[in-house]
Visitor: 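Encoded as structure tokens, here's the structure I'll be asking about.
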Amino acid sequence: MDKNRLIQAREWIKSELDKCVNFWLDNGMDKEHGGVYTCLDREGRVYSTDKSVWMQGRCAWTFAWLCNVYGVKDEWLKASKSCLDFAEKYCKNPNAGGRMYFTVTEDGLPLRQRRYFYSETFYSMANAEYYGITGDKECLQRAREAYETYWNLWHGGDDPTGLGAKTIPETRTGRAFGLPMIYLNMTSVMQRVDLERKELYDERAKECVDDIFKYHVHPELKATLENVGPNGEARLNFTEGRIVNPGHDIEGVWFILEYAKRTGNTELVKKCEDMFNWAFDAGWDDTYGGLLYFVDVKGLPPEAYEHDMKLWWPHNEILISSLMLYRDTGKEEYLDKFYKTLEYCQKVFADPKYGEWYGYLRRDGKPTEPSTKGSTFKGPFHLPRMLSMVDVMIGEIIGE
């Protein structure tokens, strides 16, 4: 390990975190209606006033998390509460059992409801993190309720939206990797702040990890499949069954590594190494650098048009997982992958002039035009999460 190189990397990481946080505080916070705008162009100008409900939760979680890591700052706590209050007031559908919308207008009028329950995910995480900082019991109750909503819907409970399954269940049903993976991440937040329910969270976390390895991880294919049959069977005769999302797999790796560290399960670390290496090897673009968005496990054409684009968040996840694997195994190969990815991100994603990272690049690493720093799916979440986690991990590794 070259300690000086890690220290230099950490200095850049800290600088990028400051730029990222200030970009969103300066440009994204809605001082009139509350909440956050995330459709921002390169310079931070709002190009759509519609608001992502995912991002209200994600932004609220991020700023509460930063208070947890670095100490409470009034502007961070205020930003978190603004998003929480906006979500509570405007983002729940009273005609669908409180299920959350996907998008609303800037002043909170409902626009779109989706069957997926990821809006509830980020709302739960945000309320839990905010409770962990403030002790606000109402936020803890909200977090618990949304946490249970996810669990019940995942396990076949009636959905009050009435939207039904994505595909006709009599024809095809199955399992999605994102469900146990994201719930595991939710659970890790709840475990940190809600100590009264430790046994419940321990049990649920174990079930998530068991589901991932029982159903989605396929060593015979050297892949973690996004979509499998009800019993985990690989279905390779249609495109959805062959999807590998390398960034998603790698994000799941560090969720599991956190679980392994918490439980002392060292056997999981080797399994995470396999998951990481399969995903990195399958997705890394040797021609232009960077991680492809989707690949087909059989090397056939992926269905998604954006499959060969380079998005910011998978690279954020590589930086977290590779450094975590180095921390937990001491193997230099993971530090090499960390630096390889960091150099790519410094070259193509970072924007020294305006701050924050470009979200969407073409395969050759050039930003799509007009370029964006935020969208319905990109806000202050993956990047500041990665930058803060990497900052802390480097400190652990170099002994500070």
Side-chain angles (χ1 to χ4, degrees), residues 13-40 44 46 51-91 100 104 106 108 118-140 142-143 146-147 182 185-186 188-190 192-194 312-313 316 320 354-357 359 373-392:
I13 289 288
K14 287 182 173 181
S15 174
E16 288 298 296
L17 180 58
D18 286 342
K19 292 176 184 176
C20 172
V21 168
N22 291 333
F23 181 91
W24 291 105
L25 288 175
D26 293 343
N27 302 303
M29 305 311 299
D30 182 350
K31 296 177 176 60
E32 180 178 357
H33 306 102
V36 64
Y37 297 113
T38 55
C39 292
L40 305 184
V46 176
K51 288 176 178 171
S52 163
V53 177
W54 283 21
M55 292 304 147
Q56 305 312 306
R58 285 180 164 188
C59 181
W61 177 85
T62 294
F63 282 105
W65 163 254
L66 291 174
C67 289
N68 179 13
V69 175
Y70 297 106
V72 174
K73 290 187 178 181
D74 183 65
E75 60 182 344
W76 293 352
L77 204 60
K78 184 178 178 181
S80 179
K81 189 173 191 304
S82 177
C83 292
L84 284 178
D85 289 347
F86 185 87
E88 188 64 24
K89 187 174 182 180
Y90 299 115
C91 298
M100 301 191 77
V104 297
E106 65 177 330
Y118 294 125
S119 291
E120 284 82 358
T121 300
F122 305 118
Y123 170 84
S124 176
M125 291 171 59
N127 275 284
E129 201 71 57
Y130 190 84
Y131 162 75
I133 296 298
T134 65
D136 188 329
K137 289 284 189 180
E138 184 177 349
C139 288
L140 176 59
R142 294 174 188 169
Y147 182 81
I182 296 299
N185 185 224
M186 287 176 68
S188 71
V189 177
M190 300 301 289
R192 280 194 291 104
V193 304
D194 189 7
W312 85 104
W313 70 264
N316 294 164
I320 296 172
Y354 294 107
E356 242 291 342
W357 286 15
K373 295 293 179 60
S375 67
T376 301
F377 296 96
K378 183 182 186 295
F381 181 63
H382 285 96
L383 180 59
R385 179 176 71 174
M386 177 277 290
L387 294 167
S388 58
M389 288 182 67
V390 167
D391 174 26
V392 171

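Residue indices begin at 1 and follow the sequence shown. Keep in mind that what you see is a predicted model, and the values were worked out from it rather than measured.
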Visitor: Are the side chain of Glu120 and the backbone of Met100 linked by a donor-acceptor contact shorter than 3.5 Å?
Guide: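 Checking the backbone N and O of Met100 against the side chain of Glu120, a donor-acceptor pair under 3.5 Å is found.
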Visitor: Between the main-chain N or O of Val36 and the side-chain N or O of Gln56, is there a donor-acceptor pair closer than 3.5 Å?
Guide: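 The answer is yes, because a donor-acceptor pair under 3.5 Å joins these two groups.
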Visitor: Check whether any side-chain N or O of Thr62 sits under 3.5 Å from a backbone N or O of Arg58 as a donor-acceptor pair, and report yes or no.
Guide: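 A pair under 3.5 Å: yes.
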Visitor: Looking only at side-chain N and O atoms, does Tyr354 offer a donor or acceptor that is under 3.5 Å from a partner on Asn27?
Guide: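 No pair is found: no donor N or O on one side chain lies under 3.5 Å from an acceptor on the other.
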Visitor: Could you go through Glu356 and Leu383, starting from their C-alpha distance and side-chain angles, then the distance that decides it, and tell me whether this counts as side chain to side chain contact (heavy atoms under 4.5 Å, CB included)?
Guide: CA-CA 8 Å; Glu356 242 291 342; Leu383 180 59; 3.7 Å; yes
Visitor: Which heavy-atom pair separates Tyr130 from Cys139 by the least distance, and what is that distance?
Guide: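 So the two residues come closest at CD2-SG, 3.6 Å.
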Visitor: Rounded at 0.5 Å granularity, tell me how far CH2 in Trp357 sits from SG in Cys20.
Guide: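 If I round to the nearest 0.5 Å, the distance is 9.5 Å.
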Visitor: Can you see which heavy atom on Thr38 is nearest to which on Pro380, and at what distance?
Guide: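 Between these two residues, the closest heavy atoms are CG2-CD, 4.1 Å.
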Visitor: Is Asp85 paired with Lys81 through a side-chain N to carboxylate O contact shorter than 4.0 Å?
Guide: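 Yes, this pair counts.
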Visitor: List for me each residue that meets ring-ring contact (aromatic ring centres under 6.0 Å, His included) alongside Trp65, sequence neighbours excluded, and say none if there are none.
Guide: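 Here the qualifying residues are Trp61.
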Visitor: Would you compute the distance between atom CG of Asn127 and atom CZ of Arg142 and round it to the nearest 0.5 angstrom?
Guide: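 Rounded to the nearest 0.5 Å, the CG-CZ separation comes to 5.5 Å.
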Visitor: Search all heavy atoms of Ile13 against all heavy atoms of Met386 and return the closest pair with its distance.
Guide: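 What the structure gives for the nearest pair is CD1-SD, 4.4 Å.
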Visitor: Could you tell me whether the side chains of Tyr123 and Glu88 share a donor-acceptor contact shorter than 3.5 Å?
Guide: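 Side chains of Tyr123 and Glu88: pair found under 3.5 Å.
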Visitor: What I want to find out is whether Glu16 reaches Lys19 closely enough, with some N-O distance under 4.0 Å, to be called a salt bridge.
Guide: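 Looking at Lys19 together with Glu16, the answer is yes, because their closest N to O distance falls below 4.0 Å.
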